[in-house]
Amino acid sequence: QVQLVESGGGLVQPGKSLTLSCDASGSDFSALFVAWYRQFPGKERSIIASITTTTKLYYDNSMKGRSIISRDNAKNTVYLRIDNLQPEDTAVYYCNAQILGNGTNYWGKGTLVTVSS
């Protein structure tokens with residue numbers, strides 16, 4: 001019902017910034033709660049940022065002060081900009097969505113961010 005496609009990952013140097021995108025289809029985008037997760041090797045996937053249908057924002061402590069999550073309902077896209085990337089940020093970043101009033105979780109396939117000089 002809901003399809004999510006992440007993009008924007010790749011190799012970046014420490015201290016640089018990047019913006020990840022999550023394109024959604026198959027649902028009324030304005031009714032989607034959207035979150036970004038990331039997963040380190042051997043670790044559980046954890047939430048790092050989210051944005052509600054009314055643009056209420058949440059950031060994990062690792063993202064506070066250096067990340068901005070935003071949504072463009074006209075483009076059916078949620079963005080996550082991360083500044084000052086460090087090697088420890090290397091992970092697979094996933095887009096997650098829920099339909100307002102429905103607890104079913106939808107996931108993208110993830111996009112790999114590698115921070116290295």
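- For residues 50-64, no residue pair satisfies the salt bridge (Lys or Arg N to Asp or Glu O under 4.0 Å) rule, not counting sequence neighbours.
- Pairs of residues two or more places apart, or lying in two chains, that qualify as salt bridge (Lys or Arg N to Asp or Glu O under 4.0 Å) and include a residue from residues 84-94 are R38-D89, R66-D89.
- Cluster membership check: Y58 does not share its hydrophobic cluster with M63, using side-chain heavy-atom separations under 4.5 Å among Ile, Leu, Val, Met, Phe, Trp and Tyr.
- Contacts classified as disulfide (SG to SG under 2.5 Å) and involving residues 47-85 (residues at least two apart or in different chains) are not found.
- Annotation: salt bridge (Lys or Arg N to Asp or Glu O under 4.0 Å) contacts of D83 (sequence neighbours excluded): R81.
- Its side chain outside the 4.5 Å cluster rule for every partner, Y79 clusters with none of the Ile, Leu, Val, Met, Phe, Trp and Tyr residues.
- Taking each heavy atom of Y59 and I68 in turn, the nearest pair found is OH-CA, 3.3 Å.
- In this structure, L11 shares a hydrophobic cluster with no other residue, the cluster being traced through Ile, Leu, Val, Met, Phe, Trp and Tyr side chains under 4.5 angstrom apart.
- Residues S50 and L57 have side chains not in contact (no heavy-atom distance under 4.5 Å, counting atoms from C-beta outward).
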Please tabulate, for the side chains in residues 21-28, all donor-acceptor contacts under 3.5 angstrom to protein atoms that are two or more places apart in sequence or on a different chain.
residue	atom	partner	partner atom	Å
D23	OD1	T77	OG1	2.6
S25	OG	Q3	OE1	3.3
D28	OD1	S30	N	3.2
D28	OD1	S30	OG	2.8
D28	OD2	S30	OG	3.2

Per-pair distances, 0.1 Å, donor-acceptor, side chain in residues 110-117, under 3.5 Å, sequence neighbours excluded:
residue	atom	partner	partner atom	Å
T111	OG1	G9	N	3.1

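- Shown here are the side-chain hydrogen bond (donor to acceptor under 3.5 Å, both in side chains) partners of T52, two or more places apart in sequence or in another chain: T54.
- Between the side chain of E6 and the backbone N or O of Y94 there is no donor-acceptor pair closer than 3.5 Å.
- Under the ring-ring contact (aromatic ring centres under 6.0 Å, His included) criterion, Y37 pairs with W107, sequence neighbours left out.
- K43 meets the side-chain contact (heavy atoms from CB on, under 4.5 Å) test with F40; sequence neighbours excluded.
- In terms of the side-chain hydrogen bond (donor to acceptor under 3.5 Å, both in side chains) criterion, residue partners of Q86 (sequence neighbours excluded) are, by chain and number, N84.
- In this structure, Y106 and Q1 have side chains that are in contact, with non-hydrogen atoms separated by less than 4.5 Å.
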